Asks: 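Below is one structure. I have some questions about it.
All chains are named by letter (A, B, ...) in the order of the sequence lines, taking the proteins before the strands, and each is independently numbered beginning at 1. All heavy atoms count here, side chains included; hydrogens, waters and symmetry mates do not. For clarity, every value in this text was computed on a predicted model and none was experimentally measured.
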Number of protein chains: 2
Amino acid sequence: MIEANLLLQYNAEILNVEKDTSIFDYGSKAQFYFQIKSGEVKMNNINRGGKEFIQGIFYAGQSFGEPPLFVDVSYPAGAEAITDAEIYRLPKSDFFNLLQQHPEAHFKLSEVLASRLYYKAIMASEISSQDPEHRIIRLLDYTKKYIQKMETYETLQVDLTRQQIADLTGLRVETVIRACKALEKMGKLKIRKGKIFR
Amino acid sequence: MIEANLLLQYNAEILNVEKDTSIFDYGSKAQFYFQIKSGEVKMNNINRGGKEFIQGIFYAGQSFGEPPLFVDVSYPAGAEAITDAEIYRLPKSDFFNLLQQHPEAHFKLSEVLASRLYYKAIMASEISSQDPEHRIIRLLDYTKKYIQKMETYETLQVDLTRQQIADLTGLRVETVIRACKALEKMGKLKIRKGKIFR
DNA sequence: TTTACTTTATGACTTAAGTCAGGTTGATTT
DNA sequence: AAATCAACCTGACTTAAGTCATAAAGTAAA
């Protein structure tokens, strides 16, 4: 997360994006640094078969889609607003000027990339381990700790739908629903009115 | 990849690591920056059930295990030499001094993190898509393009064993073997004396 | 060139997650 | 309080990948 003032100083525009609108497409070239002012954004893939895989969901203050600015590859996933959103958009060259002239911002960015890699490493290992319950718990605990920054003893009300959990873990809705029920029976989470608490 | 001279100048030691020796363990704290001088290293997880998941295999010139230097988390996977190896090891504080005093090295590192994220994004989407053949092809093509830096028309002799491919894609050896046979029939790769060519 | 060992290969069987179809609950609007 | 819609839930059935057991190549060393 880079300070708003700094972004604006380096030519950032503010984009108003409506819910369910694409911000960039899978396979396109990266030309901007994006950071969310308000709203929520997801990055996703749709595989041949129509199934969605959500690479990540991003919230106010977070940036997304930076890697292809650094390496010459096209976007490995598309980005789409999942609520109405305001988004800072900084041209690539201005972004690099900013990083060069503000090393502390560059270090902040490294933290962001590093923590994203941490998430991917956990989920990769988890997804491969073939245990729906475990995958879901890991996702929830990650969300609780690193996204919501909550302590273990606090109770998180999960705002993800079963479908989103499925798309984040590579499972099907029905499997997620059944796994959540099983987890509830095991006492690992609570379900009240369909909402999950962990 | 940071220049050897620079590393040494900032207090790097050279570690001699024997094949199959651990370099750091899952769950431990990151205290060093590691870069391979010679040999090969893998980062992996062993899940309850004994199955291995390989996060990545790293070759001479590459660094590994950097993310936990930037964020306060423990290693999400262990590192182990898969051949005898020489490894530069730079204490965390020296590493940060280096980055601060050599912004171009910091930019290089961002490229590394970015390309690693790119790989993880591809494999995450691929692993979730549930199609062994596709997962394997993606892995091979990634290796060919980004690790071996080969052109499409050239033929790569894959040096990964079926077991390694399985552990990188979250499949079982038998499944990989069968999928490779199927891919050969489809003309997507060649197998000669057990070795895969793509 | 035998031995030993690792890697690849194949068949038979099992099982867990996917698929499909339909039903229920909960939230929102009129 | 209907009506509507999205999200959640459930059961029956299918299937693709996992499991297990065993064999055949391939490689390296004695």
Asks: Between C:dA17 atom P and A:I136 atom CD1, what is the distance in whole Å?
Replies: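 The distance from CD1 of A:I136 to P of C:dA17 comes to 10 Å, rounded to the nearest Å.
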
Asks: Roughly, in whole Å, what's the span from CG in B:D159 to C1' in D:dT27?
Replies: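 To the nearest whole Å, that distance equals 16 Å.
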
Asks: What residue among A:F34, A:F32, A:Y33, A:Y10 forms ring-ring contact (aromatic ring centres under 6.0 Å, His included) with A:F95?
Replies: A:Y33

Asks: Whole-Å distance between D:dG18 P and B:D167 CG?
Replies: 12 Å

Asks: From CG of B:L189 over to C1' of C:dT8, roughly how many Å is that when rounded to an integer?
Replies: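 Nearest whole value for this atom pair: 14 Å.
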
Asks: Are B:E13 and B:R89 ion-paired here, with the side-chain N under 4.0 Å from a carboxylate O?
Replies: yes

Asks: Quickly work out the A:I196 CD1 to C:dG26 P distance and round it to whole Å.
Replies: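 Between P of C:dG26 and CD1 of A:I196: 15 Å.
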
Asks: Working to the nearest 0.5 angstrom, can you tell me the gap between A:D141 CG and A:H134 NE2?
Replies: 9.5 Å

Asks: To the nearest Å, give me how far apart NZ (A:K195) and P (D:dC8) are.
Replies: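 My rounded result for the distance is 6 Å.
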
Asks: Between D:dT19 atom C1' and B:Q163 atom CD, what is the distance in whole Å?
Replies: 14 Å

Asks: Inspect the contact between A:D159 and A:K195 and indicate whether a charged nitrogen and a carboxylate oxygen are less than 4.0 angstrom apart.
Replies: no

Asks: Starting at CG of B:D131 and ending at C1' of D:dG18, how long is that distance when rounded to a whole Å?
Replies: 16 Å

Asks: On DNA chain C, nearest-nucleotide positions of B:L160 versus A:K193: which is more 5'?
Replies: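 Nearest-nucleotide comparison on DNA chain C picks B:L160.
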
Asks: Look at the side chain of B:R162 and decide which nucleotide, out of D:dA7, C:dA9, C:dA27, has an atom nearest to it.
Replies: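 Closest nucleotide among those given: C:dA9.
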
Asks: Scan side-chain atoms only and decide if A:S38 and A:E86 contain a donor-acceptor pair under the 3.5 Å cut-off.
Replies: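 Distance-only check passes for A:S38 and A:E86.
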
Asks: Donor-acceptor pairs under 3.5 angstrom involving side-chain atoms of residues 184-192 of chain B: please list them, not counting sequence neighbours.
Replies:
unit_1: B:E184; atom_1: OE2; unit_2: B:I191; atom_2: N; d: 3.2

Asks: For residues 169-188 of chain A, which residues have at least one heavy atom under 4.0 Å from DNA chain D?
Replies: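 Residues of residues 169-188 of chain A that come under 4.0 Å of DNA chain D are, in numerical order, A:E174, A:I177, A:R178, A:K181.
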
